[in-house]
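Inspection log for the structure reproduced underneath, given as structure tokens.
Whatever order the structure lists them in is the order used to number ligands and atoms, beginning at 1.
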Amino acid sequence: MFATKAIFALLPFAFTQISQGAPSPATLTLSEILYHQSEVYSTPAHLATYGGYIDFNLTNSNPAVPGIIHCSAVGMHLTEMFFGEFNYTCASPAGVATNFTYDRPTNGFTLNQTWSEDGRKAYLASGQGSTDLSCKYTSWTNSNWTMGQLYHTENVDCAPGQLVITPEITEISGTYH
Ligand SMILES: *[C@@H]1O[C@H](CO)[C@@H](O)[C@H](O)[C@H]1NC(C)=O
Ligand SMILES: *[C@@H]1O[C@H](CO)[C@@H](O)[C@H](O)[C@H]1NC(C)=O
Ligand SMILES: *[C@@H]1O[C@H](CO)[C@@H](O)[C@H](O)[C@H]1NC(C)=O
Ligand SMILES: *[C@@H]1O[C@H](CO)[C@@H](O)[C@H](O)[C@H]1NC(C)=O
Ligand SMILES: *[C@@H]1O[C@H](CO)[C@@H](O)[C@H](O)[C@H]1NC(C)=O
């Protein structure tokens with residue numbers, strides 16, 4: 001907030017633009033995008049545990065949304081775990097709300113973030129994008145399996161990825177709390 005006020009004081013032109021309702025610019029940067037997936041078969045016919053885990057750090061270039069926001073979700077929709085069909089909520093600071101969806105087949109994200117500036121106006125940034133993740137697939141089978149042992153495991157582990165989204169910004173009525 002102090003940073004925002006200082007910038008407004010130094011840049012009366014920018015302040016004028018914002019007070020006239022012009023959307024404040026912002027880019028959303030997803031960094032350290034981490035995807036991991038595992039499937040464990042306890043018998044040849046029984047998938048005992050499975051799940052996908054998506055994690056990333058989000059920053060908004062707009063000074064009204066300072067700091068790193070951490071986003072993560074667990075998906076259990078076989079066989080790719082995430083198909084973009086659920087909204088997940090990121091751990092956002094007070095006055096900010098962030099939701100995302102993730103689609104594993106395309107590594108596609110949609111993001112919505114709301115915040116207020118100077119305690120007066122509220123904005124919604126809405127955007128989408130997809131990225132390439134470099135993933136390693138490993139599997140293991142117990143060739144001499146007997147009941148009570150693990151039969152088969154499959155893992156997907158991806159190197160950290162990054163994605164920059166230029167969202168559409170709209171002013172929304174009221175202040176977001
Ligand atoms: C990602 O966020 C975590 C805390 O949520 C932090 O420890 C880590 O340094 C961040 N990584 C980057 C690249 O900013
Ligand atoms: C996700 O949230 C938006 C509002 O932000 C809502 O319109 C949409 O129906 C939600 N989708 C699901 C699958 O819950
Ligand atoms: C983002 O907002 C749009 C428009 O309200 C909505 O259709 C979409 O489902 C929302 N997505 C998320 C992840 O909240
Ligand atoms: C996020 O999702 C929640 C629950 O669906 C909704 O109340 C909120 O308006 C959404 N926020 C954004 C920024 O899409
Ligand atoms: C396979 O399992 C049987 C029974 O536990 C054991 O006797 C045998 O030595 C095992 N063979 C190998 C190759 O591990």
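For the atom pair Cys71 SG and Asn57 CG, the distance stands at 8.0 Å (nearest 0.5 Å).
For ligand 3, the 4.0 Å heavy-atom shell contains residues Asn87, Asn99, Phe100, Thr101, Thr110, Asn112.
With a 4.5 Å cut-off on side-chain heavy atoms, Pro105 and Phe83 count as touching.
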Just distance, no hydrogens or angles: give the donor-acceptor pairs under 3.5 Å from side chains in residues 126-138, sequence neighbours left out.
from: Ser126; atom 1: OG; to: Asn112; atom 2: OD1; distance (Å): 2.8
from: Thr131; atom 1: OG1; to: Gln162; atom 2: O; distance (Å): 3.1
from: Tyr137; atom 1: OH; to: Arg104; atom 2: NH2; distance (Å): 3.2

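For Glu168, the CD atom is loosely surrounded, since the number of other residues' heavy atoms within 6.0 Å does not exceed 12. For Met147, the CE atom is loosely surrounded, since the number of other residues' heavy atoms within 6.0 Å does not exceed 12.
Gln37 contributes a side-chain N or O that, together with a main-chain N or O of Thr79, makes up a donor-acceptor pair within less than 3.5 Å.
Of all the atoms in ligand 2, the ones that sit under 4.0 Å from a non-hydrogen atom of Glu85 are 13 (C).
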